[in-house]
Amino acid sequence: VFGEYYHKEFDTYQTESSIIEKLIKSKAPGFSYTIVLGTWCGDTKREVPRMLKVLSEIGVEMAGIHLIAVDTRKQAPGTGLESLNIMKVPTLIVFHSEVEIGRIIETPVKSIEEDLLKILDQ
């Protein structure tokens, strides 16, 4: 059901290779990432495949990515979501040593890669 939009966005999204290289050097693969998404949400359908493509290209293993699907009230009982203060989906949260260091909410400001690099450069 989700494959059609997922593959379309994942396959056609063109990452910025120079930013990807900087992300790899910044040790981004060593961080952990949580993506909160709603399969009913247009922004999720567009951005989550792109987020996963960027994370894949910088070498983040799936074990370092935690996906949480929410309902239209942005709830997912039993997932620990309550502590994340999610207002909009998708939300990509970056953690270092289990401490949140930044997030991309709904849509990136510049691009997923550039916004991620900005978070990691802090």
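- The hydrophobic clustering, which links ILVMFWY residues whose side-chain heavy atoms are closer than 4.5 Å, places V99 and L120 apart.
- Taking OG1 of T34 as the start and CD1 of I65 as the end, the distance is 10.0 Å to the nearest 0.5 Å.
- Side-chain contacts under 4.5 Å among hydrophobic residues (ILVMFWY), followed directly or transitively, place W40 together with V36, I68, V70, L81, L84, I86, V89, I93, F95.
- Within 6.0 Å of the CD atom in E61, the count of heavy atoms belonging to other residues, nucleotides or ligands does not exceed 12.
- For NZ of K74, the number of neighbouring non-hydrogen atoms (other residues, nucleotides, ligands) closer than 6.0 Å is greater than 12.
- A donor and an acceptor atom, one from each side chain of E57 and T15, are located under 3.5 Å apart.
- Between the CD1 atom of I35 and the CE atom of M51 there is a distance of 6.0 Å, given to the nearest 0.5 Å.
- For the atom pair CD of E98 and OG of S32, the computed distance is 7.5 Å after rounding to the nearest 0.5 Å.
- The distance from atom CG of L117 to atom CD of E114, rounded to the nearest 0.5 Å, is 8.0 Å.
- Applying the side chain to side chain donor-acceptor pair (under 3.5 Å) criterion to E100, with sequence neighbours excluded, gives R103.
- Here the CD1 atom belonging to I104 is positioned 9.5 Å from the OH atom belonging to Y33, to the nearest 0.5 angstrom.
- For the pair T39/L37, a side-chain contact is recorded, criterion being any heavy-atom separation below 4.5 Å from C-beta on.
- Evaluation of the side chain to side chain donor-acceptor pair (under 3.5 Å) rule for T91 yields no partner, not counting sequence neighbours.
- Pairing each heavy atom of G59 with each of P29, the nearest pair is O-CB, 3.9 Å.
- In terms of heavy-atom proximity, Y13 sits nearest to I112 at OH-N, 3.8 Å.
- Contact record, K88 with E106: CD-OE1, 3.2 Å, taken as the closest heavy-atom pair.
- Aromatic rings of Y6 and F10 (six-membered ring for Trp) have centroids within the 6.0 Å cut-off, being under it.
- A search for side chain to side chain donor-acceptor pair (under 3.5 Å) contacts involving Q75 returns nothing, not counting sequence neighbours.
- Atom-to-atom distance recorded for L116:CG and I19:CD1 is 10.5 Å, nearest 0.5 angstrom.
- Closest non-hydrogen pair, A69 versus A76, comes out as O-CB, 3.4 Å.
- Of the possible polar contacts, one joining the T12 side chain to the K8 backbone as a donor-acceptor pair under 3.5 Å is found.
- Residues satisfying the ring-ring contact (aromatic ring centres under 6.0 Å, His included) criterion with F31, sequence neighbours excluded, are H96.
- The same ILVMFWY cluster, assembled from side-chain heavy atoms under 4.5 Å apart, contains both V54 and M62.
- The side chain to side chain donor-acceptor pair (under 3.5 Å) analysis of residues 41-53, with sequence neighbours excluded, yields the pairs E9-R50, D43-R46.
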